[in-house]
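Notes follow once the structure below has been shown.
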Amino acid sequence: MNDTSVLSPGTLDHWISGGPVPGTSGRTSRVFDPATGRPTALVPLASRAEVDAAVKTAVAAAGEWRHSSLSRRAAVLFAFRELLHSRADELAAIITSEHGKVLADAAGEIARGLENVEFATGIPQLLKGGFSEQAASGVDVYSIRQPLGVVAGITPFNFPAMVPLWMCANAIACGNAFVLKPSEKDPSAALFLAQLWKEAGLPDGVFTVLHGDREAVDALLDHDEVAAVSFVGSTPVARYIYERGTAAGKRVQALGGAKNHALVLPDADLDLAADAIVSAAYGAAGERCMALSVAVAVGGVADRLVEAIGARLPSLTVGPGNEPGTDMGPLITREHRDRVARYIGEGAAAGAKVVVDGRRQDLPSDGFFLGMTLLDEVTPEMTVYTDEIFGPVLSVVRVSSFDEGLALINANRYANGTAIFTRDGGAARRFQTEVQVGMVGVNVPIPVPVAYYSFGGWKDSLFGDTHMYGPEGVNFYTRGKVVTQRWPGPAASTVDLGFPRTR
Ligand code: NAD
């Protein structure tokens, strides 16, 4: 990086008008390295006045940027893609230092974010409208899509690079200015992205980073000149964002929490299912919205599945995410680690069988570590089942049939992702048809759609009707306009153009 000042310890800056700007509210929050438990920086929390000033600069930038040619926008996107690709290791190190996930995971999140940038490089193609010649006599009709102006993104701690990229690549390619309010728990990845956008040639003010908490979020939700809000985070906050943002007349897409189930049928390839469930349950310490947190074991597969999963856990290493050989890093904060540990106790007290206990493992003494937990004989009324734990805890629920498993999944209030493990194509097809969940995997544990589809759950996992990124992202960040035009034919004009008129 040419200028590392924004990433050095101390108080971080906002990023406004193409450069770092110190906060003036006087309020800050501490950022930690979860692997050591030590604070590494202070992040400023923007006031309403700071939000207002930053949005004003974004409004001015959006006015210019919307008139930039599609080829210029694509060129900036291509340059950004190259920078992000070549600097991925630096960004991964930043993510690991504030989030705690292992470096390979951080690299994986950047790769998935890059896909969205690559998708957005096709913006000239994506914004093509339709044209109907001679819809009526002498009348042509065509459609165009235009940017909204200033759009905001409010993002969670668990993917500090990928989720902002889900939003900003398409928003900017569509001709908007984008204001990012990243999680205050791991804010530095957003600043790194800001710097890359600048180096890619994006005009100042088109990408803004405003740090903050609820005060900044409310200011964005209420602001007259913010046209749309994309949110990803927990369900209570998603609901709040959706209600307040739409009441203020904005477009809002708000993705919430999850409780993702894997349905394992007796004919499943057990090794494949156990490997997939272990990586999807415990990867990134379970702090993924697409983590599998419930394995629904059908009939006789339960004992074999629990044994296969339990046998895999002792060989996995819990430790700092930047150490080679670590499979799982710490949780994001001490409070969150303690909350997850409490759930394990509640599950045990309610009658779940603790097959592997993450509280009793040999773990690094510093930092916010918790081992992997496997709970068997979990039932639907237990809090370990009803609540999104967002930690390395896998619950196994035993059911007697496919239908019982399907009904259990469909009764859950969350509906982000799910997966079925089976060798039976008919069962898989029925599952895909009847399950009431937004993203479905067949022998694939984490079915995050590729960037040319769109991402989103159902029920309490999504508020609004537009999924994130892909074609739905392009629609979200643009407004449609349809032009119906008639040009006078030869009879209506007396001017001699010197060539025959068409009719
Ligand atoms: P969170 O809801 O606590 O925070 C998300 C964002 O909202 C942050 O920027 C935060 O500063 C802000 N915020 C928090 N409380 C607020 C309030 N009361 N008012 C206004 N703004 C507020 O979520 P988190 O802990 O950062 O992330 C984890 C959650 O995100 C999990 O529930 C996870 O399932 C969910 N998530 C969902 C998806 C998805 O695609 N559905 C993806 C990633 C994460």
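When a ligand or atom number is given, it counts from 1 through the structure's own listing order.
No heavy atom of G457 sits closer than 4.0 Å to any atom of ligand 1.
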Identify each donor-acceptor pair in which a side-chain atom of residues 148-161 lies under 3.5 Å from a protein atom, sequence neighbours left out, and give them as a table.
unit_1: N158; atom_1: ND2; unit_2: E287; atom_2: O; d: 3.2

Would you mind writing out the side-chain donor-acceptor pairs for residues 330-338 within the sub-3.5 Å range, not counting sequence neighbours?
unit_1: T333; atom_1: OG1; unit_2: H336; atom_2: N; d: 3.0
unit_1: H336; atom_1: NE2; unit_2: F390; atom_2: O; d: 2.7
unit_1: R337; atom_1: NH1; unit_2: F369; atom_2: O; d: 3.2

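The six-membered or imidazole ring of Y414 lies away from that of H261, with a centre-to-centre distance of 6.0 Å or more.
Those atoms of ligand 1 that come under 4.0 Å of a heavy atom in K181, given as number and element, are 8 (C), 9 (O), 10 (C), 11 (O). For ligand 1, the atoms sitting less than 4.0 Å from at least one non-hydrogen atom of E184 are 10 (C), 11 (O), numbered in the order shown with element in parentheses. Close approach to I154 involves these atoms of ligand 1, each under 4.0 Å from a residue heavy atom: 6 (C), 7 (O), 9 (O). Close contacts between ligand 1 and S183 involve ligand atoms 9 (O) [criterion: under 4.0 Å to a heavy atom]. Close contacts between ligand 1 and N158 involve ligand atoms 43 (C), 44 (C) [criterion: under 4.0 Å to a heavy atom].
Between F463 and Y242, the ring-plane angle classifies as tilted under the 30° and 60° cut-offs.
Nearest heavy-atom pair, A189 versus I95, reported as atom, atom and distance to 0.1 Å: CB-CG1, 4.2 Å.
Atom 20 (C) of ligand 1 has V217 CG1, 3.6 Å as its closest protein atom, hydrogens excluded (heavy atom only). The protein heavy atom nearest to atom 41 (N) of ligand 1 is G256 O, 2.8 Å. Nearest protein heavy-atom contact of atom 15 (N) of ligand 1 is V237 CG2, 3.7 Å. Atom 24 (P) of ligand 1 has F157 CD2, 3.6 Å as its closest protein atom, hydrogens excluded (heavy atom only). The protein non-hydrogen atom at the shortest distance from atom 8 (C) of ligand 1 is T155 O, 3.2 Å. For atom 42 (C) of ligand 1, the closest heavy atom belonging to the protein is C289 SG, 2.9 Å. Closest to atom 18 (N) of ligand 1 among all protein heavy atoms lies R214 CD, 3.9 Å. The nearest heavy-atom contact from the protein to atom 28 (C) of ligand 1 is F390 CE2, 3.5 Å.
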Step by step, would you call I277 with V264 a side-chain contact (heavy atoms from CB on, under 4.5 Å)?
CA-CA 10 Å; I277 291 171; V264 184; 3.7 Å; yes
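Judged by distance alone, with hydrogens and angles left aside, the side-chain atoms of K198 form no donor-acceptor pair with the main-chain N or O of L193 at under 3.5 Å. A donor-acceptor pair is defined here as one N or O able to donate and one able to accept, closer than 3.5 Å; such a pair exists between the side chain of E98 and the backbone of S188. For T235 (side chain) and D460 (main-chain N/O), a donor-acceptor pair under 3.5 Å exists by modelled atom type. Judged by distance alone, with hydrogens and angles left aside, the side-chain atoms of W166 form no donor-acceptor pair with the main-chain N or O of N116 at under 3.5 Å.
Considering each of G233, P236, S29, P156, the one bringing a non-hydrogen atom nearest atom 35 (C) of ligand 1 is G233. Among P160, A258, S234, A291, the residue whose heavy atom lies nearest to atom 23 (O) of ligand 1 is S234. Checking F455, F159, F231 against atom 40 (O) of ligand 1, the nearest heavy atom belongs to F455.
Polar contact check, E388 against ligand 1: a nitrogen or oxygen pair lies under 3.5 Å apart.
Ion pairing between R48 and D222 holds under the 4.0 Å rule for side-chain N and carboxylate O.
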